[in-house]
Amino acid sequence: MSPYALSIIMSSLATGTVLTLASNHWFMAWMGLELNTLAIIPLMTKTHHPRATEAATKYFLMQALASAMILFSSTMNAWFMGEWEITNMSHPISTTMLTIGLAMKLGIAPFHMWLPDVLQGLNLFTCLILSTWQKIAPMVLMIQIYSQLNTNLLIVMAILSTTIGGWGGLNQTQLRKIMAYSSIAHLGWMTLVLCFMPSLTLLNLTMYMMMTTVMFMMFMNTMSTTINKLAMSWLKNPVMAASMMIVLMSLGGLPPTTGFMPKWLIIQEMTKQNLTAITTIIALSSLLSLFFYLRMSYSISLTTSPNISNTFSVWRQNNKNQTFMSMMIILSTLMLPITPTLINILN
């Protein structure tokens with residue numbers, strides 16, 4: 001792709017997200033979401049492969065349906081209530097339709113079916129953008145209207161997301177599909193606490209984006225797309241492979257890594273709300289996700305293939321993006337000690 005075209009596409013992605021975040025009118029927010037959708041489709045079809053075309057078509061159809069629901073719900077709210085402001089979404093039917101539309105955009109269960117197939121048909125760089133940057137605008141819209149959302153609907157979607165995100169990733173060998181189900185499971189945690197403490201949802205989104213960015217950057221660095229290729233990463237880059245294992249444990253939420261912090265705070269908040277049974281179900285379903293993270297770590301560390309060539313010198317010579325990646329790895333694994341400070345900020 002031409003550098004000029006790529007710069008226009010990336011600028012459009014940034015503009016769409018900023019437009020949605022800065023607007024207080026539903027029509028402007030909808031325009032930002034549409035700009036985001038239309039800007040990423042050329043990136044999806046960049047490889048000229050039937051799988052990429054299929055992924056772009058599925059993504060466009062699902063996002064168009066979700067955008068239509070968002071526009072229709074905001075128009076209905078304006079018709080009944082005479083308000084176009086984002087924070088004044090008070091009509092119950094409009095609020096329910098809007099929640100479903102935003103859930104479709106994010107890939108929250110039970111509207112998640114498109115996400116694994118779409119990610120599988122894309123290259124790793126586009127998967128990185130779709131899994132991180134494209135989540136910001138819809139999630140921030142949900143945070144803005146959290147007080148008007150249907151709590152029961154969000155809790156049901158959260159339980160489904162964490163359960164399906166865990167079960168779906170168990171038998172996968174493709175890393176992109178595993179990361180898709182990981183995204184669905186993390187979105188379940190964000191959705192669960194949204195109505196009770198939206199600042200925790202924002203914290204969880206930030207941590208998720210940080211850890212997912214690191215994982216995709218390491219996949220790109222080691223050129224890994226399947227678990228079998230992941231087993232060769234120790235030969236290509238031993239330091240990267242060791243870091244990848246730690247970040248995988250952070251994605252699974254194991255202490256003392258960074259990923260444990262949002263889960264800990266969410267469980268604490270839900271227990272305060274006397275939702276112990278739901279919290280227990282969510283915590284147990286996260287063990288399913290932890291299983292396939294452990295399986296990936298096992299493939300990296302304990303299934304090393306025989307070294308038949310001098311590949312150990314490669315990782316020392318490849319310094320591209322090493323500084324940024326090292327900083328992100330540190331943030332993704334060692335931020336647990338600042339939890340008391342974050343609790344004071346959130347409260």
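Along the sequence shown, residues carry numbers from 1. For the numbers below, each heavy atom of this structure counts, side chains included, while hydrogens, waters and symmetry mates do not.
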State whether the number of non-hydrogen atoms from other residues, nucleotides or ligands found under 6.0 Å of F196 atom CZ is greater than 12.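 Result for CZ/F196: enclosed.
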Assess whether atom CD1 of I93 is packed by more than 12 heavy atoms of other residues, nucleotides or ligands within 6.0 Å.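 It does not: I93 CD1 has 12 such atoms or fewer within range.
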Could you measure the distance from the [atom1] atom of [X] to the [atom2] atom of [Y]? Nearest 0.5 Å is fine.
{"X": "M157", "Y": "T191", "atom1": "CE", "atom2": "OG1", "result": "6.0 Å"}
{"X": "L254", "Y": "K263", "atom1": "CG", "atom2": "NZ", "result": "9.5 Å"}
{"X": "L35", "Y": "L13", "atom1": "CG", "atom2": "CG", "result": "8.0 Å"}
{"X": "L119", "Y": "L128", "atom1": "CG", "atom2": "CG", "result": "10.5 Å"}
{"X": "I178", "Y": "M215", "atom1": "CD1", "atom2": "CE", "result": "9.5 Å"}
{"X": "M335", "Y": "F260", "atom1": "CE", "atom2": "CZ", "result": "15.0 Å"}

Look only at the side chain of [X] and the backbone of [Y], and say whether a donor-acceptor pair between them is shorter than 3.5 Å.
{"X": "S233", "Y": "K229", "value": "no"}
{"X": "S250", "Y": "G259", "value": "yes"}
{"X": "S94", "Y": "S90", "value": "no"}
{"X": "T162", "Y": "G188", "value": "no"}

Any side-chain donor paired with an acceptor under 3.5 Å for T132 and Y208?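 There is no such pair (donor and acceptor under 3.5 Å, judged by atom type) between the side chains of T132 and Y208.
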Apply side chain to side chain donor-acceptor pair (under 3.5 Å) to Y293 and list each qualifying residue two or more places apart in sequence or on a separate chain.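 If we apply the side chain to side chain donor-acceptor pair (under 3.5 Å) test to Y293, skipping adjacent residues, the hits are S182.
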Check side-chain contact (heavy atoms from CB on, under 4.5 Å) between L21 and all other residues, then give those that pass, not counting sequence neighbours.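 Listed in chain order: T17, I136, V140.
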Just wondering, do Q120 and D117 contact through their side chains at under 4.5 Å, heavy atoms?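 No, their side chains stay 4.5 Å or more apart.
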Should the ring pair H91 and F80 be called parallel, tilted or perpendicular, given that the plane angle runs from 0 to 90° and is split at 30 and 60?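 Geometry flag for F80 against H91: parallel rings.
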Using ring centroids (six-membered ring only for Trp), state whether W84 and F27 fall under 6.0 Å.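 Centroid distance F27-W84: not below 6.0 Å, so no.
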Identify the residue among K58, K105, E34 that makes a side-chain hydrogen bond (donor to acceptor under 3.5 Å, both in side chains) with Q63.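 Only one of K58, K105, E34 forms a side-chain hydrogen bond (donor to acceptor under 3.5 Å, both in side chains) with Q63, namely K105.
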